[in-house]
Every structure is written in structure tokens, then in C-alpha cells.
There are 2 protein chains.
Amino acid sequence: MERRATIKDVAEAAGVGVATVSRVLSGGSASPRTRERVLAVAAQLDYRPSALGRNLRQRRTGGMGLLVPDLTDTFYGQLAEGVLACARSAGEPVVLGSTGGDPEQEAELIGMLLEQSVDRLIAVPSGDAETWTPAFRAGMTVVFADHLPAQALPEDDPAASAANDLMLLDGLSPAAAPPSRSLDVPAVVADDRGGIRTAVRYLRGLGHKRIAFLGGPGQERRVAAFRAAVGPPVDEELVVFGTGSRDSAYAAASGLFQSRPDLTAVVAGGNVLGEAAVLAARELDLRVPRDVSLVMYDDVPWAELCAPPLTVIAQPGRDMGYRAAELVLRAGTRRPRSVVLPTELIVRGSCGPRR
Amino acid sequence: MERRATIKDVAEAAGVGVATVSRVLSGGSASPRTRERVLAVAAQLDYRPSALGRNLRQRRTGGMGLLVPDLTDTFYGQLAEGVLACARSAGEPVVLGSTGGDPEQEAELIGMLLEQSVDRLIAVPSGDAETWTPAFRAGMTVVFADHLPAQALPEDDPAASAANDLMLLDGLSPAAAPPSRSLDVPAVVADDRGGIRTAVRYLRGLGHKRIAFLGGPGQERRVAAFRAAVGPPVDEELVVFGTGSRDSAYAAASGLFQSRPDLTAVVAGGNVLGEAAVLAARELDLRVPRDVSLVMYDDVPWAELCAPPLTVIAQPGRDMGYRAAELVLRAGTRRPRSVVLPTELIVRGSCGPRR
DNA sequence: ATGAAAGCGCTAACAC
DNA sequence: GTGTTAGCGCTTTCAT
């Protein structure tokens with residue numbers, strides 16, 4: 001294989017200057033005659049402009065970065081597929097990173113992207129506002145997906161973060177919200193509030209009183225929505241969290257079922273948590289839905305394979321990714337605005353009347 | 001945010017030449033005194049070398065490309081996680097593309113990577129040898145994962161490809177294999193032959209005679225292994241294929257069950273096919289394992305959630321990705337050799353004695 | 001409409 | 001051991 005043709009080769013072969021070639025290929029002005037000749041020569045030499053040269057000149061890499069916590073979580077797989085679909089149709093590259101839900105790894109990956117001069121980023125954030133400062137300071141255009149970063153508020157007020165988050169995205173008075181960097185950052189999220197509320201009402205309608213929430217990292221809005229939907233008062237023992245890994249999700253679910261055998265329904269905040277709930281229930285000989293009803297956030301293909309098939313709150317993962325990619329690519333043209341996508345309660349077989 | 005510091009800034013501030021800075025930062029020779037000063041200044045200015053400049057100079061992008069058919073397929077998610085883990089520990093970026101199993105999209109993505117001067121690539125190939133010619137001609141280092149590209153043999157001999165593939169990777173005499181470009185390309189694959197053989201023997205041991213294979217694209221080696229394990233003679237009606245989408249997998253599974261109600265067991269060549277088999281069986285009121293036994297290739301978290309839990313042939317997706325990334329990064333140092341990773345039959349509840 | 005020329009930030013000769 | 005310099009391939013003034 002021999003050296004790839006450069007713009008200089010094309011210019012020489014076409015008997016024009018390099019600037020002309022550049023103009024023709026990027027749709028600038030040129031006489032029809034010249035244009036035609038350049039195009040012909042370029043095709044003949046199988047010329048492909050090198051992104052390297054262009055990027056250096058423009059001091060930025062095209063395309064976008066994508067940061068997700070874990071690609072074996074089907075929801076993030078769907079999200080990534082959406083991003084990739086949009087990027088592909090735009091011919092843009094996507095640099096991918098998996099953070100494992102760890103703010104430190106996230107920070108490192110942000111550093112790597114900065115080094116690559118990737119200045120557009122779609123992220124399902126794991127770290128808090130502080131983790132994201134370097135990205136903003138460097139002038140990155142970032143669009144968050146699924147949820148916003150935690151606000152890194154004083155430790156004595158863990159609930160404020162969620163409440164704040166909720167207000168912002170539910171469109172309450174901005175004046176009521178404290179000023180925050182996150183306010184400026186667009187995000188593509190699902191209507192968590194609506195989804196959770198619908199699920200809780202559905203369970204209530206079946207007679208359930210003691211409903212638990214099994215949450216994971218980054219689900220502040222969902223928890224807040226759950227609290228709002230069931231309470232007050234909220235039975236705090238019925239709100240438990242895993243750290244993101246399958247093991248910790250299982251531990252949380254198992255602990256919940258054992259410490260509160262009186263609960264009759266649980267809402268899992270994501271598919272990994274739902275999986276854990278099914279496993280833990282089976283291990284403890286709890287029958288779904290006879291002994292315990294289950295609603296899971298995320299519709300994933302295997303929800304239908306479960307026995308019984310799982311009732312879920314579906315969110316459009318692929319669309320979310322696609323929209324986020326659109327936003328990040330259009331940034332500069334129009335100021336990105338946050339997007340809230342609808343959720344849908346899909347009733348299958350994992351919920352029954354209170355026993 | 002202000003302009004990032006360049007190597008020149010560091011050089012000036014440290015009172016040395018740019019070359020010295022470059023040397024210090026890339027571990028070249030420098031006096032301890034100088035080294036220390038440069039490092040201090042660099043840290044002070046928060047200097048990060050721009051990959052753009054380095055890449056252009058070296059006429060290649062660092063890192064690697066990764067091409068998979070579909071990220072919502074959990075197996076590819078696992079594979080990608082492995083690749084990302086290795087890349088992260090090397091501090092290298094990964095440019096991701098999803099082909100949808102379509103050779104044309106694959107070709108386009110290869111073109112995009114070429115344009116980016118990405119010269120290392122890990123791919124679960126969808127196209128045949130011809131699709132891959134441009135990558136090889138451009139001098140890309142490619143490592144295939146999961147399987148090799150189809151050989152694009154004469155149309156009258158569809159089986160030869162599989163047979164050929166099989167020979168190569170099972171380590172049979174290279175002299176017996178036709179010369180082929182693919183021979184030179186390293187790959188990281190699972191021991192399909194062993195996995196399938198074990199599964200078939202297991203089913204045979206349960207008394208099953210009419211065992212079907214439900215395959216997908218790129219599973220030539222698995223089909224070949226299946227044929228070898230059950231036959232001859234092979235009941236060709238019991239070997240059916242989907243095209244890769246969930247819909248087509250379902251159609252194939254459903255068609256199989258309806259056209260051959262006498263079959264008593266099926267081996268699904270991948271998790272999407274397994275999912276389809278479970279769904280189709282349920283739709284047709286076939287009970288697993290009473291009416292039909294099922295073994296699925298791929299261990300995925302939801303296999304355990306199924307009712308009954310699925311007996312699977314586990315392959316180490318994450319390891320495969322990690323190993324592939326290692327190979328592609330070490331290329332140049334040592335000549336990459338193909339790797340075959342072991343599979344394991346995990347017996348759960350989806351197989352029973354022949355009814 | 002077109003060409004000449006100046007870099008973008010970096011590394012690798014090459015000279016000292 | 002260290003500085004100087006010449007580009008890598010491209011876009012973009014600035015003349016013409």
C-alpha cells in the first residue's frame with residue numbers, strides 16, 4: 001500500500017493551487033470548469049481529505065465524545081445506538097468511553113477527550129458538578145443524557161439536589177432554583193416524574209400501600225418523583241439504593257425484601273435494578289406478582305422473557321441518544337435547549353392486586 | 001476559558017527549546033535539572049500535549065477503531081466493555097461504529113476511520129473479504145473479534161467458507177487451507193467448535209435426536225461445528241437462519257417450530273436468537289423444556305431470569321474484547337497471533353429429557 | 001476566480 | 001544534553 005494522496009497531489013495533477021482544491025471540496029466558489037476538473041482528478045486519485053490536517057488547522061476534532069457508565073446495561077446500549085445512528089448519518093466519528101459509574105474514571109476520560117481536542121460531548125454523568133468543571137472551562141459543548149450531574153451541594157442537604165433537579169426540568173419557576181452551572185447545560189432526559197407517577201398510581205390502583213423504590217446512582221429525579229407520588233409521609237425504609245453494579249443492586253434488593261417483608265410492591269429505577277429484584281425475589285421464594293408486584297424502569301427485550309413478563313416504564317433510549325447527538329452537532333447554530341421525552345407504562349404480568 | 005497552553009508556551013516559560021519539552025514529556029534524555037523544571041512549568045501551566053499536533057506529525061491517530069454490529073446485543077456490549085477497559089488503561093481513545101450488520105455501512109465506517117487516520121481496528125465483521133480490502137490496502141492493523149469475515153467464495157460453494165474458517169482456527173494443517181488474505185489477520189474468537197460440540201453431546205445425552213440450529217450472520221463456524229457434531233447425515237430443514245435483527249430471528253424461530261413440530265431441541269447461535277426462540281416457543285404454546293429443550297450461545301444476565309433459566313454456552317465476551325485490544329495495541333511490537341478462548345456449558349433449566 | 005503563503009502543535013533530524 | 005528547523009495536510013487570509 002502506498003502513501004495516500006494529499007491535497008497537494010490533487011492540486012498538481014489538476015494544475016491548480018491547493019487552495020482551489022480545498023475550496024472545491026468544501027463547497028466554496030470556483031468556476032464550473034475548474035470544479036469539474038478538480039473533482040475528476042480527486043476521484044481518479046481516490047483522494048480523501050485527511051481529518052488530521054483539517055483538525056489541526058481548525059484546532060478541534062470533528063465528531064463527538066460519548067461517555068456512558070456501562071455498555072452491558074442495555075439501556076445505555078440503546079442510547080449509544082441512537083448517538084451512533086445520528087453521527088453516522090452526519091459522517092462524524094464518535095469517541096466512546098465507559099466510566100463504570102466512577103467519577104474518577106469519568107474525569108480521566110474527560111481529560112483524554114480534551115487531549116484529543118474533542119469539543120462536543122454527550123454524557124450520562126457519574127461525577128458531580130465539580131467533575132465537570134474542567135470540561136466547561138475548556139469550552140466543551142456538552143449535552144447530558146438520562147440525567148444531570150449531581151449538584152455537589154453541602155452534605156447536610158442531600159435532598160435539595162434532587163428537588164432542584166426536578167424543578168428545573170419540570171419547568172418550574174427558574175427564579176426559585178439556585179443559580180447553577182448545570183442550568184446552562186442542555187440535557188435529553190425522559191419524563192421521569194410522569195413515568196414514576198403513573199407507575200405508582202397504577203400500583204395504588206391495585207391496592208398497594210407499602211411500595212418500595214429500588215434506586216441506583218444518578219436517579220435523583222426518579223427518587224424525588226417517587227417520594228412525591230407516594231407521600232408524604234414517605235416510609236424511608238422503603239427507599240433503598242445500589243451503587244450501580246449488579247452485585248450491589250442484588251444486595252440492595254435482597255436486603256430490602258428481608259428487612260421489610262411487609263412490602264407488597266417495588267418500583268425498580270432501572271433495568272439492572274429490575275433484574276436484581278427478580279433474582280432476589282426468586283431467591284427468597286417470593287412469587288411475582290402474587291407475593292410482590294414489580295414495575296421496572298426501562299423497557300428491554302428480556303423484560304418480555306421474564307416469567308411473568310415484566311411491567312415496565314418504557315423510555316425511548318435510542319431516541320434520547322439520537323436527539324442528544326443532534327443537539328450537540330447543532331450547537332453553535334442554535335442554542336441547545338433541553339429535551340424531555342415521554343415515558344410509557346407498559347403493563348405486562350408482573351403486577352397483581354395486593355395480596 | 002482561554003487558549004490552552006502549547007508546547008511553545010511551556011518552552012518559553014521554562015527557558016528551554018520546544019524539543020526539550022517534547023523529549024522530557026515523552027521520556028527522552030534530559031538532565032535531571034532541566035527535566036524537573038520543565039515538568040514543574042508544565043504542571044503549573046496545566047499543559048496537556050495536543051493529540052492533534054502529534055497525530056499530524058506522525059501521520060496517524062493514536063488509539064483504535066471498534067466496529068460492532070449492534071450495541072443493544074448484550075454480547076457486543078460485553079465485548080466493547082473489554083476493549084474500552086484495555087484502551088482506558090492505555091490512555092488511548094476508541095472510535096466506535098455500529099454497522100447494523102450491514103456490509104455497506106461497515107464499508108462507510110471503514111472509510112470514515114481511514115479519513116481519521118485511525119490505523120488500528122477491532123471489528124466484528126459483517127462484510128466479506130472484499131469489504132475489508134480497502135482497510136488492508138491502507139495498511140490498517142485489524143484484529144477481528146468473534147469471527148472472521150466471510151470468504152466471498154464462488155457462489156456455488158457456500159459451505160466451503162465455513163469449512164475453511166473452521167480449519168484455520170482449529171489449527172488444522174495450513175497447507176490444506178486455500179491461500180487467503182484472512183489468513184494474515186489475527187482474530188480473537190471463542191472455541192465455537194468445542195462449545196457447540198459439548199452442547200450437542202449434552203442434548204444427545206438427554207435423548208434428543210432431532211436437534212435444530214438457529215443461526216445468524218457470521219456464525220459460519222458455529223453452524224459448521226453443529227453439522228459436524230450432529231451428522232452426518234444432517235437434517236437440513238433443522239438448520240435455519242435469521243438475518244441479525246430481532247424480527248428476523250423471531251421469524252426464523254417461529255418458522256422452524258411450525259415447520260418441524262417433531263424437533264425436540266434447539267441450539268441458538270447467539271443471545272438474540274435465543275431470545276427469539278423463547279418468545280416463539282411461548283407464542284406457539286411450546287413449553288421449555290417439556291416440549292422443547294433450548295441451549296443458547298452467550299451467557300447474558302437475563303439468561304438466569306428466564307423461566308426456566310436458560311442453559312447456555314458461555315463465551316467470555318469481555319475478555320475477548322480486552323485481548324483483541326491488547327493485540328491491536330501491541331501490533332508492531334510482536335506479530336499478532338490469533339487467540340481462541342474457551343467456552344463453557346452452563347447447565348440451568350432449559351433442557352430436559354426427550355419427551 | 002484563483003494562487004501564494006502563513007501557520008495550527010507537535011516530533012524528529014540534525015547541528016552544536 | 002539541548003536548541004534550531006523543517007515539515008505533517010489542511011484551511012484561510014490576502015493579494016492578484
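Below, all heavy atoms of this structure are taken into account, side chains as well, without hydrogens, waters or symmetry copies. For clarity, every value in this text was computed on a predicted model and none was experimentally measured.
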According to salt bridge (Lys or Arg N to Asp or Glu O under 4.0 Å), does anything in residues 23-44 of chain A pair up with another residue at least two apart or in another chain? List the pairs. none

Step by step, work out the side-chain hydrogen bond (donor to acceptor under 3.5 Å, both in side chains) result for Ser98(B) and Glu81(A). CA-CA 7 Å; Ser98(B) 170; Glu81(A) 277 290 329; 2.7 Å; yes

Remember a base hit wins even if backbone is also touched, and classify Gly28(B) as base, sugar-phosphate or nothing at under 4.0 Å, heavy atoms. nothing

If an axis is fit to five pairs at each end of the helix from dA1(C)-dT16(D) to dC16(C)-dG1(D), what is the angle between the two, to the nearest 10°? 40°

Using a 3.5 Å distance criterion without hydrogens, assess whether the side chain of Ser26(A) forms a donor-acceptor pair with backbone atoms of Ser22(A). yes

Rounded to the nearest 0.5 Å, the CZ atom of Arg137(B) sits from the CG atom of Asp46(A) at a distance of 7.0 Å

When you measure from the side chain of Arg4(A) to the backbone N and O of Arg48(A), does any donor-acceptor pair fall under 3.5 Å? yes

In whole angstrom, what separates Asn55(B)'s CG from dC10(D)'s P? 15 Å

Is any side-chain N or O of Ser29(B) closer than 4.0 Å to OP1 or OP2 of dT2(D)? no

Would you check if Trp132(A) and Ile110(A) make a side-chain contact, meaning some heavy-atom pair closer than 4.5 Å? yes

The contact string for nucleotides 6-11 of chain C, one letter per nucleotide 5' to 3', using protein heavy atoms under 4.0 Å with B, S and - for base, sugar-phosphate only and none, comes out as BBBBBB

If you measure from CD on Gln78(A) to OG1 on Thr72(B), what distance do you get to the nearest 0.5 Å? 6.5 Å

Least distance between heavy atoms, Met140(B) atom then Leu113(B) atom: CE-CB, 3.7 Å

